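On a predicted model such as this, the values are computed, not experimentally measured, just so you know. What's counted below: heavy atoms across the whole structure, side chains too, no hydrogens, waters or symmetry copies.
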Amino acid sequence: MTFHDNALLPLLLGDHDRYLIKLEQGFGVRLACRGNRINVSGDPTRVEAAQSAIHGLWRRLERGERLSGGDIEAAIRLAEPDIDPRLPLSDLPAIQTRRGPIGPRSAGQAAYMEMLSGHEMVFGIGPAGTGKTYLAVAQAVAMLQAGKVDRIILSRPAVEAGERLGFLPGDMKEKVDPYLRPLYDALNDMLPGDNMTKRMTTGEIEVAPLAFMRGRTLAHAFVILDEAQNTTPVQMKMFLTRMGEGTRMVITGDLSQIDLPAGTRSGLRDALDTLEGVGGIGVVRFDKRDVVRHPLVARIVDAYDQRDTARQDHSRDHQHKHQNGNGDQNGTPK
């Protein structure tokens, strides 16, 4: 591969060739840079994938974009053989924010961003670190800045890890803010601090617990319900029916992280069972391949998934043995 801009080439290689090394390890190929050429050698399929990813990264540099370690990891992730995105890496959709364009870093994120731009109601389901909330907030800010919605409303149910608000010290704002902090953090990434404060003062941006939604009709707003697995079915129905004219809704959650009291059905699970397949509603399910935090997070998610699967298999085997030991061949108790 030959590159004719010697000013951009070091940006592709990274400090001390660290991006080149990361690409080499990620694709399982041999990369050698001599002058303005990069030689790629190895298995033909992997060589082709590596070349495609490098071309995509190069086109981004030519457009004036900067590369980070996360972008290199995304290029590797999006080129995996079992993932077939319809668009090349350089042409995937992006959300424009003050931090520059935010693009997908996995096939799941690409599908999610497509859903966010084309559907009025989207469910984003999956483990921590997949960007469900972050990308939804980015889309909300982009639409607010473009004048496509009048305001943003971010909400969460105030049920986490068995804590109850009544037992926490302070006034309502002090009690609620710790639950909403991740939403503030995402907003802060998209908007300058003074801009965010001004918009919150004028009511263009509202961050509130789910209970504050009752009795309201939300028109021309971008509404995000985060940690939706901790809603009850009644709360979820209440939230979904707040939708008014010109409103977009995004519901995010992780069904493996339910903090509701034992025996209480999750409103998120109930909504998915009820609404999946209804016209106009998009559902994106992320998995461990979409985890875009530190690579160790993906391995942690994977380890927990394997443990849970092993427990389920053990439970089924135990149940099967119990049935065989206490009944006749037809399973009728003796």
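Counting only heavy atoms from C-beta outward, the side chains of Leu225 and Arg242 never approach each other to under 4.5 Å. Contact check for Lys237 versus Thr274: no side-chain heavy atoms found under the 4.5 Å cut-off. Annotation: side chain of Asp17 is not in contact with side chain of Cys33 (no heavy-atom distance under 4.5 Å). Put simply, the side chain of Ile152 does not reach to within 4.5 Å of the side chain of Arg199, judged on heavy atoms. Leu218 places a side-chain heavy atom less than 4.5 Å from the side chain of Arg151. Annotation: side chain of Gln145 is in contact with side chain of Leu191 (closest heavy-atom distance under 4.5 Å). Taking the side chain as every heavy atom from C-beta outward, Ile258 and Asn230 approach each other to under 4.5 Å. No side-chain heavy atom of Asp305 sits under 4.5 Å from any side-chain heavy atom of Asp287.
In this structure, the separation between NZ on Lys148 and CD on Gln139 is 8.0 Å, given to the nearest 0.5 Å. Between the CZ atom in Arg269 and the OG1 atom in Thr231 there is a gap of 11.5 Å [rounded to 0.5 Å]. A distance of 13.5 Å separates CD in Gln306 from CZ in Arg311, rounded to the nearest 0.5 Å. Atom NZ in Lys132 sits 12.5 Å away from atom CG in Leu116 (nearest 0.5 Å). Once rounded to the nearest 0.5 Å, the distance linking CE of Met238 with OG1 of Thr232 reads 8.0 Å. If you take CG on Leu12 and CD on Glu62, they are separated by 10.5 Å, rounding to the nearest 0.5 Å.
Summarising the geometry of Ala110 relative to Pro104, their closest heavy-atom pair is N-CB, 3.4 Å, with the distance given to 0.1 Å. A pairwise comparison of heavy atoms in Val149 and Ala140 identifies CG2-O, 4.4 Å as the closest pair. What you find for Phe286 and Gly124 is that their closest heavy atoms are CE1-CA, 4.3 Å. Taking every heavy atom of both residues into account, Met236 and Gly267 meet most closely at CG-O, 3.5 Å. The two residues Gly28 and Arg46 have their closest heavy-atom pair at O-CD, 4.2 Å. Heavy-atom minimum distance, Pro233 versus Asp270: CB-OD2, 3.7 Å.
With hydrophobic clusters built from ILVMFWY side chains whose heavy atoms lie under 4.5 angstrom apart, Ile21 does not share a cluster with Leu9. Clustering ILVMFWY residues whenever any of their side-chain heavy atoms sit less than 4.5 angstrom apart, transitively, puts Val234 in a cluster other than the one holding Leu268.
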| request: Verify side chain to side chain contact (heavy atoms under 4.5 Å, CB included) between Tyr19 and Asp71, making sure each step is shown before the conclusion. | output: CA-CA 10 Å; Tyr19 294 165; Asp71 294 322; over 6 Å; no
| Would Ile76 and Lys22 satisfy side chain to side chain contact (heavy atoms under 4.5 Å, CB included), going step by step from the backbone distance to the final call? | CA-CA 9 Å; Ile76 296 166; Lys22 190 171 281 196; 4.3 Å; yes
| request: Apply side chain to side chain contact (heavy atoms under 4.5 Å, CB included) to the pair Leu272 and Arg285, showing each step before the final yes or no. | output: CA-CA 11 Å; Leu272 290 169; Arg285 285 183 165 82; 4.0 Å; yes
| task | Check the pair Leu135 / Gln109 against side chain to side chain contact (heavy atoms under 4.5 Å, CB included), numbers first and verdict last. | result | CA-CA 8 Å; Leu135 290 174; Gln109 285 195 354; 3.7 Å; yes
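Remark: the Thr197 side chain and the Asp194 side chain contain no N/O donor-acceptor pair separated by less than 3.5 Å. If you check the side chains of Asp189 and Tyr134, you find a donor sitting under 3.5 Å from an acceptor.
Ring orientation note: the planes of Phe3 and Trp58 are tilted relative to one another, at an angle of 30° to 60°.
Gln229 places a side-chain N or O within 3.5 Å of a backbone atom of Gln257 that can act as its donor or acceptor partner.
Here the rule is side chain to side chain contact (heavy atoms under 4.5 Å, CB included) with Tyr112, and of Asp290, Thr130, Val284 only Val284 fits it.
Atom CZ of Arg66 sits in a sparse spot, with 12 or fewer heavy atoms from other residues, nucleotides or ligands closer than 6.0 Å. Remark: Glu120 CD is loosely packed, at most 12 non-hydrogen atoms of other residues, nucleotides or ligands lying under 6.0 Å away.
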